[in-house]
Amino acid sequence: MKSLVMHEGTVNLQGFMRWYVYAKMEHKLIVDPELMFTLCEAELTFYDNQNFALHTRETIPMDPPVLYREMTAEGKITPGGSLKFTWPETWMELNWATGELEPTPYADLVTQVGATRGMNFSVRELIRAP
């Protein structure tokens with residue numbers, strides 16, 4: 001830990017959230033991550049040397065852009081310097097019927113994606129500091 005840089009305050013991040021969905025039974029790609037993505041802006045706020053919050057906003061790149069999801073996850077920094085957090089218990093997501101961000105009815109992201117039977121998925125969040 002002595003060689004690690006300790007962060008203070010907030011780090012602004014930007015990048016993409018890309019979705020990869022594969023139909024296991026059909027052995028075919030359903031969602032291509034090159035075509036299915038959201039733009040992602042985030043603030044990584046360090047409270048101290050072990051605790052942080054990650055606040056993200058995902059936007060669908062349409063004209064005009066559409067805010068799709070907003071969430072905040074609390075996390076910890078491991079002794080090796082890795083940031084670890086779990087998907088939050090609640091988050092706001094676009095309700096296409098109302099056009100508003102609303103709490104989702106799902107317990108977590110795995111449950112949400114798993115609502116489509118027979119699908120395996122992975123999420124790669126590619127965020128980098130500007």
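Residues take their numbers from the sequence shown, with the count starting at 1. Bear in mind that the values here come from a model prediction, so they are computed numbers and not experimental data.
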Is there a side-chain contact between Leu83 and Leu54 in this structure, where contact means two heavy atoms from C-beta onward sitting under 4.5 Å apart?
no

Passes side-chain contact (heavy atoms from CB on, under 4.5 Å), Met62 versus Tyr68? Steps please.
CA-CA 11 Å; Met62 300 173 68; Tyr68 175 68; over 6 Å; no

Thr86: what forms a side-chain contact (heavy atoms from CB on, under 4.5 Å) with it, not counting sequence neighbours?
none

Exercise: identify the closest heavy-atom pair between Leu39 and Pro61:
CD1-CB, 4.0 Å

So for atom CD, which belongs to Gln50, do other residues, nucleotides or ligands contribute more than 12 heavy atoms lying within a distance under 6.0 Å?
no

Applying side-chain contact (heavy atoms from CB on, under 4.5 Å), name anything that partners Ser82, two or more places apart in sequence or on another chain.
Thr78, Lys84

With sequence neighbours excluded, residues passing ring pair (Phe, Tyr, Trp, His ring centres under 6.0 Å) with Phe37
Phe16

Shortest non-hydrogen separation from Leu101 to Leu94 and the atoms involved:
CD2-N, 3.4 Å

How are the rings of Phe52 and Phe85 set to each other: parallel, tilted or perpendicular (split at 30° and 60°)?
perpendicular

Under the rule for side-chain hydrogen bond (donor to acceptor under 3.5 Å, both in side chains), what residues qualify as partners of Thr38, not counting sequence neighbours?
Glu58

Nearest-0.5 Å distance that lies between atom CZ in Arg69 and atom CD1 in Ile60
9.5 Å

Check salt bridge (charged side-chain N to carboxylate O under 4.0 Å, His left out) between Glu43 and all other residues, then give those that pass, not counting sequence neighbours.
Arg57

Using side-chain hydrogen bond (donor to acceptor under 3.5 Å, both in side chains) as the criterion, list what pairs up with Glu102, not counting sequence neighbours.
Asn95, Thr98

Sequence-distant partners of Thr45, side-chain hydrogen bond (donor to acceptor under 3.5 Å, both in side chains), two or more places apart
Thr10

Mind checking what makes side-chain hydrogen bond (donor to acceptor under 3.5 Å, both in side chains) contact with Asn51, not counting sequence neighbours?
Asp48, Lys76

Residues at least two apart in sequence or cross-chain that pass side-chain contact (heavy atoms from CB on, under 4.5 Å) with Leu29, listed by chain then number, are Tyr20, Asp32

Could you pull out all residues at least two apart from Pro103 that satisfy side-chain contact (heavy atoms from CB on, under 4.5 Å)?
Met92

Starting at CD of Glu100, measure out to CG of Leu67 and round the result to the nearest 0.5 Å.
10.0 Å

Enter the distance from Glu41:CD to Thr59:OG1 here, rounded to the nearest 0.5 Å.
6.0 Å

